[in-house]
Novice: 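The following block contains the structure, expressed as structure tokens.
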Amino acid sequence: MTSIKFTADTREVKAAFARLKKSGLNARPVFLAFAEHLQESHRRRWRQGIGPDGRPWAPLRPSTLAGKRGRFPLYEEGDMLRGLVTSATSSSLVFGLSDWKAPLHHFGARPYTIQPKNKKALAWPGGPGPRRRVDHPGLPARPLVGISAADRREVVEIIAEYLEDATR
């Protein structure tokens with residue numbers, strides 16, 4: 001599985017985590033709350049067609065739009081959205097996508113050739129008919145996973161609330 005690793009590198013986030021670590025409390029509830037926030041913020045951004053940095057994704061090609069069943073970019077069957085995975089421990093949060101296509105969309109892909117693996121030809125609804133090979137034009141990068149400025153502010157708030165609740 002391909003992985004993309006992000007490390008928050010801002011003073012506010014580092015300071016909040018330092019306070020949490022110094023408290024000696026179990027950080028897993030914080031990571032679980034942040035994971036829940038990240039899932040929702042990623043779903044919202046995907047529906048809007050924007051990356052974690054707030055920039056809009058490259059528009060879809062007309063040929064893609066013609067056969068598209070999904071409601072928003074990078075959505076057909078919902079596989080990638082269902083593939084948002086999280087794992088939290090007392091010292092870390094892993095957040096990512098399990099769908100094998102995610103890195104292709106996140107980083108983009110150069111043009112490539114598609115050939116059938118188990119059949120004699122390729123065909124798809126609305127396509128030009130059976131083909132022995134298809135020259136795919138490639139994909140523009142559409143960043144899928146990342147921590148936005150709003151996400152960083154949210155984790156600082158989550159930590160502050162957790163520490164406040166723990167000291168009552």
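Everything numeric here is computed off the predicted structure, so don't read it as measured data.
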Novice: Please walk me through it: do His105 and Leu139 pass side-chain contact (heavy atoms from CB on, under 4.5 Å)?
Specialist: CA-CA 7 Å; His105 291 288; Leu139 298 167; 3.9 Å; yes
Novice: What heavy-atom pair brings Pro52 and Ser148 nearest, and what distance separates the two atoms?
Specialist: O-CB, 3.2 Å
Novice: Taking the inter-plane angle between the rings of His136 and Tyr112 on a 0 to 90° scale, is it parallel (under 30°), tilted (30 to 60°) or perpendicular (over 60°)?
Specialist: parallel
Novice: So if you build clusters from Ile, Leu, Val, Met, Phe, Trp, Tyr with side-chain heavy-atom gaps below 4.5 Å, do Leu25 and Val156 land together?
Specialist: yes
Novice: So which atom in Thr86 and which in Gln39 form the shortest heavy-atom distance, rounded to 0.1 Å?
Specialist: CG2-NE2, 3.6 Å
Novice: One pair to check against side-chain contact (heavy atoms from CB on, under 4.5 Å): Trp57 and Ile50. What are the steps and the verdict?
Specialist: CA-CA 5 Å; Trp57 288 337; Ile50 59 174; 5.8 Å; no
Novice: Is any side-chain heavy atom of Glu36 closer than 4.5 Å to a side-chain heavy atom of Leu32?
Specialist: no
Novice: With rounding to the nearest 0.5 Å, note down the distance linking CG in Leu122 to NZ in Lys117.
Specialist: 10.5 Å
Novice: Check the pair Gln115, Thr113 against side-chain contact (heavy atoms from CB on, under 4.5 Å), reporting the backbone distance first and the verdict last.
Specialist: CA-CA 7 Å; Gln115 294 180 315; Thr113 300; 4.0 Å; yes
Novice: Any non-hydrogen side-chain atom of Leu93 less than 4.5 Å from a side-chain atom of Leu38?
Specialist: yes
Novice: Identify the heavy atoms of Ala27 and Ser90 that sit nearest to each other, and give their distance.
Specialist: CB-O, 3.3 Å
Novice: Locate the shortest heavy-atom distance separating Ala102 from Leu144; write the atom from each residue and the value.
Specialist: O-CD1, 3.5 Å
Novice: May I ask you to say whether Arg45 pairs ionically with Asp151, meaning some side-chain N is under 4.0 Å from a carboxylate O?
Specialist: yes
Novice: Looking at Glu40, I want to see if its CD is surrounded by more than 12 non-hydrogen atoms of other residues, nucleotides or ligands under 6.0 Å.
Specialist: yes
Novice: Got a salt bridge between Glu164 and Arg19, using NZ or NE/NH1/NH2 to carboxylate O under 4.0 Å?
Specialist: no
Novice: Dump the intermediate steps for side-chain contact (heavy atoms from CB on, under 4.5 Å) on Phe31 and Val155, then the final yes or no.
Specialist: CA-CA 9 Å; Phe31 289 126; Val155 75; over 6 Å; no
Novice: How long is the gap from CZ on Arg43 to CZ on Arg47, to the nearest 0.5 Å?
Specialist: 8.0 Å
Novice: Tell me, do Phe95 and Val85 make a side-chain contact under 4.5 Å, heavy atoms counted?
Specialist: no
Novice: Of the non-hydrogen atoms in His42 and Leu84, which two are nearest, and what is the gap between them?
Specialist: CB-CD1, 4.4 Å
Novice: Specify the closest pair of heavy atoms between Ser23 and Leu20, including all atoms of both residues, with the distance to one decimal.
Specialist: OG-O, 2.6 Å
Novice: Counting distance only, does the side-chain N/O of Arg142 pair as donor-acceptor with the main-chain N or O of Gly108 below 3.5 Å?
Specialist: no
Novice: What orientation do Phe34 and His37 show, parallel under 30°, tilted 30 to 60°, or perpendicular over 60°?
Specialist: parallel
Novice: Using modelled atom types and a 3.5 Å cut-off, is there a donor and acceptor pairing between side-chain atoms of Arg28 and backbone atoms of Ala88?
Specialist: yes
